[in-house]
Each structure stands twice: as structure tokens, then as C-alpha cells.
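Accompanying notes for the structure given below.
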Amino acid sequence: MLILAIESSCDETATAIVENGRKILTSVVASQIDIHKQYGGVVPEIASRQHCENILPVVMEAMQGYSFDDIDAVAVTYAPGLIGALLVGVSFAKGFAKAIEKPLIPVNHMQGHVASLYLHESDSLSTHEKDLAPPYLALIISGGHTHIAEILDYTNFNIIGRTRDDAAGECFDKSARALGFPYPGGVHIDKAANEYSDLLRTTLDTTETLYMHTDATCCYHLPKPKVEGSEFDFSFSGLKTAVLNTIHNAEQRGETIDKNKMAYSLQKTISEILVEKTLKAADKYGYKTIALAGGVAANSGIRSAFTSACEGKYQLFLPEKKYCGDNAAMIASQAYYNFEAGIIADAYLNAYASVPF
Ligand code: KG4
Ligand code: ZN
């Protein structure tokens, strides 16, 4: 079954064609980062207008080599995200599905991120894709969400922890902005943190895992906020404020912040918070398989922190870095499972900025 999917929930206009939920035949992503960069973040109205301009060329590009008859269904992200941006994709997909007389499949963006774990590009499945199937525990970390979810089956997710305020990605991006890195800052924090850990590695002359290193002089002290209520909920706004305060206090004292050291400290603190809660949730709910998904799952520090923490105890699945960020292949993958479960939209499909999941 070939599904053509459309994703426009934030600042990427994307289309992909995926076979049977797993094999990517084509994937096109038009990023708007260069436009939003000059404003230091995504400007929703500009994002919507860009989606309007990009959507047809992106779909045409993805359709190269395919005819409308080859497509068995059209899928679209309908929630959560920027409402104006989502509406462009939903409206286009409705018209497109009607025009080619194929079913329309609605996809939740966060479920789509999880489906990025199933994607592959060649006929031969790696051990990775063969092995991952529900049930398992997922940590979904993006620019707007931080969820620990039980993936009970392909379409049935149970959230057991979520952020009370900022998402991990937002904490990365706002801290990066305060350090003078361009939008989106997460990837720049990652790079700067690596430069600092390379430096630490040479000065410490040690091969032990740096993320477990506890020498306070190596890091800026950043708090790990306690969250009242659900033991699996997150809070990242206090951590973000601590980064901003450390920078401002240093400026007032006429000192300069070591950007790489701050990036390393932030990445280490976020990694530790995520690892601690996820593994605790895995133990409490009885999961031996853990998977990461979402844009922040591309972070090398988080990936290595989970890899060392899970070694010998849990089976860990990480999506390919290039499918961590927003793309339409993951939406097509999730759509396949939605279709199998009978989740099909009609012409009244609407977009929603937020949904319970
Ligand atoms: O999933 P995503 O592409 O979009 C949303 O659905 O929000 O996630 C975007 C987030 C941004 O906050 C971005 O800075 C972050 O993912 N991100 C990273 C890295 N690559 C992307 N954060 C930390 N390290 C990275 N390497
Ligand atoms: Zn996303």
C-alpha cells in the first residue's frame, strides 16, 4: 500500500510516499529555518504563508515518477501544531484526496514521531526495524512536547508523563538564544557541548563516560527541578531560567560565560533528567524496550546518555538522526497503521493546535 503524506505542523513543509508503513520511496522536506532565523523563532503567520507557497511544489516533487493511480491513500498531520500551518496541510490534503478519489487518513504529529522508528530506505530490513514493535515505552522529545508514553499498540498510546511547562527542545532553543546561537539552537548546543567534552576528554585524559562525570568544576551548576504530582512529569522552565540567570549574573560581574561549557552543562543536565525519569517509568510499568523519538532525539549527548544507561538492561531504539526532525515519511508510516485500525477522515476533518495526545 502506497501512502502519500503531508506534514505542515510547524516550519517544515514536507511530503513523502511510503510503502506499507515502513519503506520510504520518496521524502521531500522544504525547511523555512532560514526565514524564521532572522526573527529568532518561528513566526506563525509567516509559516502559514510559506506553507501555502511550498505545498504544491513539494507534493509535485515527491510525486515525480509516480502517477495518482499509484497512490492508495493520502495522509495528513491534523494536530498538534501551529493552527494556521496545520490548516494549510489539512485543506490541501482534503482537496487532493477528493480529487484522486482516495481515502484521507488523519495523523497525530506526536504519534508520527514515534513511527519514525519504523522507517527504512532499502528492501532489507536491519535488525533495528525488524525488532521494534509495540508494546514498548517511548520518550517523545520535540520542540513543543516532552512525553513519556506507553506504546500499547501501533495506534493506542498512553501518556504517563508530560512537561508541565517548557519542552526539552524549547529549553535547548531558549538557552541557545541567550548564548547567542541562531535559531533553532538545539543543534548548536549539541555541537558546542561536543567541543567542550572533547576538551574535557583531553584534559582529563580519561575514557570513562563523560556524562557520568561529576566533577563540579567541569560544569556550571544547573538545577534539576522537582515536579510535584506525577513522578513522571517534567519541568524545564526552571532549568532555562537558571541558564539565563547564570549568563546575566556573569555579564553583571563583567565575566564572560564559556559558551561550550554552558552548552555541555545544559545538555548533561537535560540528558540526566530524561534518562532518570524514563528508566524509572520503564521499571514501574514493566518495560524492557525503550525508544526515543522527536527532533531532540537527534541530540548526541542524549543518545549516548541513553545508550550507556540502557546497556545490558533495556533494549534501546533510536530513530535515524535524519528522521528525528519533522518529515512526512513518519506521518505516512503512522497513517498505514491508522488505516489498518480503521482510522479514516471525512471531508469534515479539522486541524487542532492541541489535543490530549
Ligand atoms: O520534532 P521537531 O523537529 O519539531 C517539533 O515537533 O517541535 O523538534 C524540533 C526541536 C527544536 O527544539 C530543535 O532545537 C531540537 O528539536 N533539536 C535538537 C537537536 N536537533 C534538533 N535539540 C538538541 N540537539 C539536537 N541535535
Ligand atoms: Zn515534530
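Read the numbers this way: they start at 1 and go in the same order the structure lists the ligands and their atoms. All residue numbers in this chain count up from 1 along the given sequence.
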Val18 and Tyr336, any side-chain heavy atoms less than 4.5 Å apart = no
query = Which atoms from ligand 1 have a heavy atom of Gly144 less than 4.0 Å away?
reply = 7 (O)
Part of His109 within contact of ligand 1 (heavy atoms, under 4.0 Å) = side chain
ask   = Touching ligand 1 at all, Cys10? Heavy atoms, strictly under 4.0 Å?
value = no
message = Under 4.0 Å from a heavy atom of Ala298: which atoms of ligand 1 are those, numbered in the order shown and with their elements?
response = 26 (N)
Distance-only side-chain donor-acceptor flag, Asp165 / Ser235, under 3.5 Å = yes
task = List the closest protein heavy-atom neighbour of atom 7 (O) of ligand 1: residue, atom name, distance to the nearest 0.1 Å.
result = Gly143 N, 2.8 Å
task = May I ask whether Ile189 places a heavy atom under 4.0 Å from ligand 1?
result = no
key: Nearest-neighbour protein heavy atom for atom 2 (P) of ligand 1, which is reported as residue plus atom name and distance   = Asp326 OD1, 3.4 Å
key: Aromatic plane relationship, His188 with Phe181 - under 30° parallel, 30 to 60° tilted, over 60° perpendicular   = parallel
query = Heavy atom of Lys321 under 4.0 Å from ligand 1?
reply = no
Side-chain atoms of residues 59-76: list all donor-acceptor pairs with protein atoms under 3.5 Å, sequence neighbours left out, distances to 0.1 Å.
residue, atom, partner, partner atom, Å
Ser67, OG, Asp69, N, 3.3
Asp70, OD2, Ser67, N, 2.8
Asp72, OD2, Leu2, N, 2.7

query = At a 4.0 Å threshold, what atoms of ligand 1 neighbour a non-hydrogen atom of Gly325?
reply = 3 (O)
key: No-hydrogen, no-angle side-chain donor-acceptor test under 3.5 Å, Thr77 and His109   = no
request  = Pick one of side chain, backbone, both or neither for how His113 approaches ligand 1, counting any non-hydrogen atom pair under 4.0 Å.
outcome  = side chain
request  = With the Zn ion (ligand 2) as the centre, enumerate protein N/O/S atoms below 2.8 Å in chain and residue order.
outcome  = His109 NE2, His113 NE2, Asp326 OD1
inquiry  = Before you tell me yes or no, could you show the steps for Tyr264 and Asn194 under side chain to side chain contact (heavy atoms under 4.5 Å, CB included), namely the whole-Å CA-CA distance, both residues' side-chain angles and the distance that decides it to 0.1 Å?
reply    = CA-CA 7 Å; Tyr264 174 82; Asn194 279 338; over 6 Å; no
